[in-house]
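Just so it is clear, the model here is predicted, and its values are computed rather than measured.
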Amino acid sequence: ETRVPLYDENGTHIGYTSFIADITERKRLEERILAEKKKLNDALDAMGAGVALLDRQRRIVLTNRTVAEWFGNGSITENKKCHELYACSPQPCQDCPVERAFLTGHTERSEQVVITPDGRKKYFEHIATPIQDEDGEVRTVLKLTQDVTQSALQLEQLRLMRELSDSLQTSLDFNRL
C-alpha cells in the first residue's frame, strides 16, 4: 500500500489517497520457484556424486552438498573458483578437464588423488560436460565428481597380485634350471 497526500488548489492538506496492488500472483510464483529450487537441490544432494556448474572464469555457480562435504569442509562455496575448492590452490589445475571442455566443446575427464586429514588416499574421477546456450556457445560446464576409491584400491591390489604372481613364476622358472 502506498499513501500519497492530497492538497487543494491553495496547497492545504485535505487528506490522503492510497494505492493498493494485489501481489498474490507474484507471491504464488515466488513460492513455486522456491519449491522447484528445493526439488532440484534435493535431487542433486541425493545423487551420491558431486555436482558443480561452472562459468567460463571457473567460478562455481551451483553445487551440491556432496561437493561441499568432499572438498569444502561441509560448506557450500558458490562463487569460489573451481581450483580453489577442488585442489585448494590459487592456480588453475594442470590439464584441467573444465578448461578442456570449454575449449573442445566435448566431455572431458580427469582423476584426482586427495590425501585426507587422517592420511588416507581418496580417488576421484571428474567428468566435465559443456553446456551450450541457444546460440551454440559453451557458457557453462557441468562437473560430475565420483568417488572411485574402492575401484582404485581394487585395481592396485590386482596389480600387486600380478606382480607377485610374475615374481613367483620367474622364481619357479629359475629354480627349474
Side-chain angles (χ1 to χ4, degrees), residues 33-171 173:
I33 289 170
L34 287 174
E36 291 299 316
K37 186 176 179 183
K38 182 177 178 346
K39 272 197 251 181
L40 174 63
N41 286 336
D42 289 347
L44 290 175
D45 289 342
M47 287 182 65
V51 178
L53 186 64
L54 301 129
D55 67 13
R56 280 204 163 275
Q57 288 72 43
R58 296 187 197 96
R59 280 190 310 261
I60 297 170
V61 177
L62 173 74
T63 189
N64 69 347
R65 189 172 305 141
T66 304
V67 169
E69 290 169 0
W70 287 346
F71 301 99
N73 296 323
S75 63
I76 294 177
T77 52
E78 292 172 4
N79 289 324
K80 199 170 196 176
K81 297 254 182 170
C82 179
H83 51 271
E84 294 170 343
L85 179 65
Y86 287 88
C88 297
S89 172
Q91 300 301 319
C93 302
Q94 287 190 359
D95 201 30
C96 173
V98 172
E99 188 62 26
R100 289 194 328 260
F102 275 117
L103 291 173
T104 66
H106 300 290
T107 297
E108 300 287 342
R109 296 171 182 266
S110 72
E111 293 179 0
Q112 177 184 17
V113 179
V114 174
I115 306 298
T116 64
D118 62 358
R120 293 180 299 126
K121 282 185 178 180
K122 298 280 283 180
Y123 298 82
F124 295 98
E125 178 183 33
H126 302 288
I127 303 167
T129 303
I131 299 174
Q132 297 178 348
D133 65 12
E134 59 277 353
D135 298 324
E137 292 291 318
V138 177
R139 302 276 184 221
T140 54
V141 167
L142 184 67
K143 183 176 183 177
L144 176 70
T145 300
Q146 297 174 306
D147 183 345
V148 294
T149 302
Q150 288 298 89
S151 297
L153 292 176
Q154 288 172 346
L155 286 172
E156 180 64 14
Q157 288 174 342
L158 184 59
R159 185 188 64 77
L160 290 172
M161 288 173 30
R162 282 186 184 147
E163 284 180 14
L164 179 60
S165 173
D166 290 347
S167 178
L168 287 172
Q169 184 64 40
T170 302
S171 176
D173 289 344

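Taken from CD in Q132 to CD in E137, the straight-line distance is 8.5 Å, to the nearest 0.5 Å. Rounded to the nearest 0.5 angstrom, E108 CD and T129 OG1 are separated by 9.5 Å. In this structure, the separation between CG on D55 and NZ on K81 is 7.5 Å, given to the nearest 0.5 Å. Between the CD atom of E163 and the CZ atom of R159 there is a distance of 4.5 Å, given to the nearest 0.5 Å. A distance of 6.5 Å separates CZ in F102 from OG1 in T140, rounded to the nearest 0.5 Å. Taking OG1 of T145 as the start and NE2 of H126 as the end, the distance is 5.0 Å to the nearest 0.5 Å.
In this structure, D133 contributes its side chain and D135 its backbone to a donor-acceptor pair below 3.5 Å. Here the side chain of K122 pairs no donor or acceptor atom with the backbone of T149 at under 3.5 angstrom. With R58 contributing its side chain and E99 its backbone, the two residues share no donor-acceptor pair below 3.5 Å. Side-chain N or O atoms of T63 include one that pairs as donor or acceptor with a backbone N or O of V51 at under 3.5 Å.
Listed here is the closest heavy atom pair of Y123 and L153: CE1-CD2, 4.1 Å. Looking at every heavy atom in both residues, V138 comes nearest to G105 through CG2-CA, 4.4 Å. Heavy-atom minimum distance, A128 versus V141: CB-CG1, 3.7 Å. Nearest heavy-atom pair, S110 versus P97, reported as atom, atom and distance to 0.1 Å: OG-CG, 3.3 Å. Annotation for R109 and R100: closest pair O-NH2, 2.6 Å, computed over non-hydrogen atoms. Scanning both residues, T107 and P130, for their nearest heavy atoms gives N-CD, 3.8 Å.
No more than 12 heavy atoms of other residues, nucleotides or ligands lie within 6.0 Å of CZ in R162, so this atom counts as exposed by the packing criterion. Counting non-hydrogen atoms of neighbouring residues, nucleotides and ligands closer than 6.0 angstrom, the CD atom of Q94 reaches no more than 12 such neighbours. Other residues, nucleotides and ligands contribute at most 12 non-hydrogen atoms within 6.0 Å of the CD atom of E111.
Counting only residues at least two apart or in different chains, side-chain hydrogen bond (donor to acceptor under 3.5 Å, both in side chains) contacts with residues 82-91 are absent.
With contacts defined as side-chain heavy-atom distances shorter than 4.5 Å, the pair L40/E36 does not qualify. Using a 4.5 Å heavy-atom cutoff, the side chains of K121 and I115 are in contact. F124 is listed as a side-chain neighbour of D147, based on a closest heavy-atom distance under 4.5 Å. Using a 4.5 Å cut-off on side-chain heavy atoms (C-beta onward), F71 and Q112 make contact.
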Enumerate, atom names and distances included, each donor-acceptor pair closer than 3.5 Å involving a side-chain atom of residues 43-50, sequence neighbours excluded.
{"from": "D45", "atom 1": "OD1", "to": "R65", "atom 2": "N", "distance (Å)": "2.8"}
{"from": "D45", "atom 1": "OD2", "to": "R65", "atom 2": "NH2", "distance (Å)": "3.2"}

(request) Dump the intermediate steps for side-chain contact (heavy atoms from CB on, under 4.5 Å) on I60 and V67, then the final yes or no. (result) CA-CA 11 Å; I60 297 170; V67 169; 5.6 Å; no
